[in-house]
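The structure presented is a predicted model; accordingly, all values stated were derived computationally and were not measured. Counting starts at 1 for both ligands and their atoms, in listed order.
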Amino acid sequence: MEVRAKAPGKIILAGEHAVVHGSTAVAASIDLCTYVSLTFPTNSDNDDKLRLHLDDMALNFFWPVGKIKEALSEKGSHAPSSPKSCSAETINILAALVEEQNIIPEANITLGAGVTAFLWLYTCIQGYKPATVIVTSELPLGSGLGSSAAFCVSLAGALLALSESTNLDPNQQGWLSFGEKELELVNKWAFEGEKIIHGKPSGIDNTVSTYGNMIKFKSGELMRLKSNTPLKMLITNTNVGRNTKALVAGVSERTVKHPTAMAAVFKAVDSISNEVATIIQSPAHDDTAVTEKEDKLEELMEMNQGLLQCMGVSHASIETVLRTTLKYKLASKLTGAGGGGCVLTLLPTLSSGIVVDKVIKELEACGFQCFIAGIGGKGLQISFNSSASSS
Ligand SMILES: Nc1ncnc2c1ncn2[C@@H]1O[C@H](COP(=O)(O)OP(=O)(O)OP(=O)(O)O)[C@@H](O)[C@H]1O
Ligand SMILES: C[C@@](O)(CCO)CC(=O)[O-]
Ligand SMILES: [Mg+2]
């Protein structure tokens, strides 16, 4: 029996970083996903290993399950229906199991945190069973499109689908969706994984990846938004690597140094996000109303970007994208943690295709990668393949 899970990445339309400090943010899923396949060996396979294949990076890890059990001793906890945080001490034990394999390139230290999160989610949800887990992704890693959250949600989804805590029918064909209670459980586990990768996540990324569509999020609470106008966003990947953990920590440091000024910044972001959510949901019956909405969204994106600069998370490459798109009267803001990564540019409904082609050409000439993603699709989905056996 093989179970597959797919979970989408996301864009943040307003409120990144400030959301970690209690402000409202607005996010939407995108149609680029991370896929996880989970298979248990049959008795005749005689395999005692937990195997993790990160196919996109051609990295293959394996641990004898007895070794994991011995390393974790009483710190391991097989309790799929009770999401639990990984203590700093246990993170170190798991990180040592990851490092021992010596296969993560030095240039990619944060990848180790993802594999550590895998070991935590696996042992808590499935215990010490041998298995093969294969991960592939359409998302660029560490670029602001929520690759870490999609990784944790798809993993938690696949692991829970083959646990006693969920009850999808494995004989059903095609992609299936969990019910509300099960999604809540997946989301909580994914948040625990995100904590290992990010340090101090707000939970917005795993929540939008779990539930999909468009959400407003504040202090752990989600509100689903019903968009009344399709939004078209150009996503530009500056290809400048960064990691969310360091950027979030940088904003927290600034907040400690300048508490009053930063509180004002976070309050302004909160107002911007609420206004963005209201505009997105307001009806627009004709082209004039759509244009009016888009004009307001563009202004709010620019205001949000200014405040992200105040927080210290912009980057020269992001500023280049802003300057380039502004030449064509298009508004942009960074999305996700910033410091490089991806930038969003609103493409108004009536914008001319020629202008869009020109701006893309100019951005690509700077070495950036441009694409238009579908916004607001489904969240986590699961599918079973009863004829598969472990490889
Ligand atoms: N497909 C994957 N396979 C293995 N690890 C992954 C995968 N996708 C994400 N990760 C983990 O997530 C880390 C990247 O997370 P990070 O939060 O820094 O960036 P992001 O999630 O892409 O951007 P943002 O948090 O700004 O949306 C990787 O270094 C790795 O640890
Ligand atoms: C930077 C941040 O606000 C969004 C990253 O996509 C971090 C978080 O909310 O966890
Ligand atoms: Mg992330």
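- Shown here for Asn237 and Gly341, the closest heavy-atom pair between the two residues is OD1-O, 3.7 Å.
- Put simply, the side chain of Leu234 reaches to within 4.5 Å of the side chain of Leu363, judged on heavy atoms.
- Atom 5 (C) of ligand 2 has Asp205 OD2, 3.3 Å as its closest protein atom, hydrogens excluded (heavy atom only).
- With the Mg ion (ligand 3) as vertex, His198 NE2 and Ser148 OG subtend 90°, rounded to 10°.
- Inspection of the Ser85 and Glu192 side chains reveals an N or O donor paired with an N or O acceptor under 3.5 Å.
- Within a 6.0 Å sphere centred on CD of Glu221, heavy atoms belonging to other residues, nucleotides or ligands number 12 at most.
- For Ser137, every heavy-atom contact with ligand 1 shorter than 4.0 Å involves the side chain, none the backbone.
- In terms of polar-atom proximity, Lys10 is counted as a contact of ligand 1, with an N or O under 3.5 Å from an N or O of the ligand.
- Although no hydrogens or angles enter the test, the distance criterion places a donor-acceptor pair under 3.5 Å between the side chain of Gln101 and the main chain of Phe62.
- Between the side chain of Lys216 and the backbone N or O of Leu222, no donor-acceptor pair lies under 3.5 Å.
- Contact annotation: for Val135 versus ligand 1, heavy atoms closer than 4.0 Å belong to the side chain alone.
- Ligand 2 has a nitrogen or oxygen under 3.5 angstrom from a nitrogen or oxygen of Lys10.
- Nearest to atom 23 (O) of ligand 1 by heavy-atom distance, out of Gly336, Gly144, Gly112, is Gly144.
- When only interatomic distances are considered, the shortest N/O to N/O separation between Gly114 and ligand 1 falls below 3.5 Å.
- Heavy-atom distances between Glu16 and ligand 1 stay at or above 4.0 Å for every pair.
- Within 6.0 Å of the NZ atom in Lys181, the count of heavy atoms belonging to other residues, nucleotides or ligands does not exceed 12.
- The shell of residues lying under 4.0 angstrom from ligand 1, judged by heavy atoms, excludes Lys245.
- Remark: ligand 2 atoms within the under-4.0 Å shell around heavy atoms of Gly336 are 6 (O).
- Ligand 2 places these atoms under 4.0 Å from at least one heavy atom of Glu16: 3 (O).
- Ionic pairing of Glu184 and Lys188 is present here: one or more N-O contacts between side-chain nitrogen and carboxylate oxygen are shorter than 4.0 angstrom.
- Closest protein heavy atom to atom 8 (C) of ligand 2: Ser202 OG, 3.4 Å.
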> Thr210 and Asn187: side chain to side chain donor-acceptor pair (under 3.5 Å), yes or no, with the steps?
Replying inline: CA-CA 6 Å; Thr210 302; Asn187 197 28; 3.3 Å; yes

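- For Leu54, every heavy-atom contact with ligand 1 shorter than 4.0 Å involves the side chain, none the backbone.
- Here Asp205 has side-chain heavy atoms under 4.0 Å from ligand 1, and that is the only part of it that gets that close.
- At least one donor-acceptor pair closer than 3.5 Å links the side chain of Asp56 to the backbone N or O of Ser137.
- Those atoms of ligand 2 with a heavy atom of Val20 less than 4.0 angstrom away are 3 (O), 7 (C), 8 (C), 9 (O).
- Within ligand 2, the atoms closer than 4.0 Å to a non-hydrogen atom of Ile204 are 9 (O), numbered from 1 in the order shown.
- Polar contact check, Arg242 against ligand 1: a nitrogen or oxygen pair lies under 3.5 Å apart.
- The main-chain N or O of Thr324 is never found under 3.5 Å from a side-chain atom of Glu362 such that the two would form a donor-acceptor pair.
- Atom numbering of ligand 2 starts at 1 in the shown order; those under 4.0 Å from a heavy atom of Val19 are 3 (O), 9 (O).
- Residue contacts with ligand 1 do not include Glu194, since none of its heavy atoms lies under 4.0 Å from the ligand.
- For the residue pair Thr238 and His315, no side-chain donor N or O sits within less than 3.5 Å of a side-chain acceptor on the partner.
- Between Phe118 and Tyr122, the ring-plane angle classifies as tilted under the 30° and 60° cut-offs.
- Ranking protein heavy atoms by distance to atom 14 (C) of ligand 1, first place goes to Ser147 OG, 3.8 Å.
- Under 4.0 angstrom from ligand 1, the non-hydrogen atoms of Ser143 all belong to its backbone.
- Ranking the protein heavy atoms by distance from atom 2 (C) of ligand 1 puts Phe151 CD1, 3.7 Å first.
- In this structure, of Lys200, Met311, His17, the residue bringing a heavy atom nearest to atom 3 (O) of ligand 2 is His17.
- Side-chain atoms of Ser332 and Thr325 form a donor-acceptor pair, as typed in the model, at a separation below 3.5 Å.
- With 3.5 Å as the limit, one finds no donor-acceptor pair spanning the side chains of Gln281 and Ser227.
- When only interatomic distances are considered, the shortest N/O to N/O separation between Thr110 and ligand 1 falls below 3.5 Å.
- The protein heavy-atom contact nearest to atom 4 (C) of ligand 2 is Ile12 CD1, 3.7 Å.
- Which parts of ligand 2 touch Pro201 is read off a 4.0 Å heavy-atom cut-off, strictly below it: atoms 10 (O).
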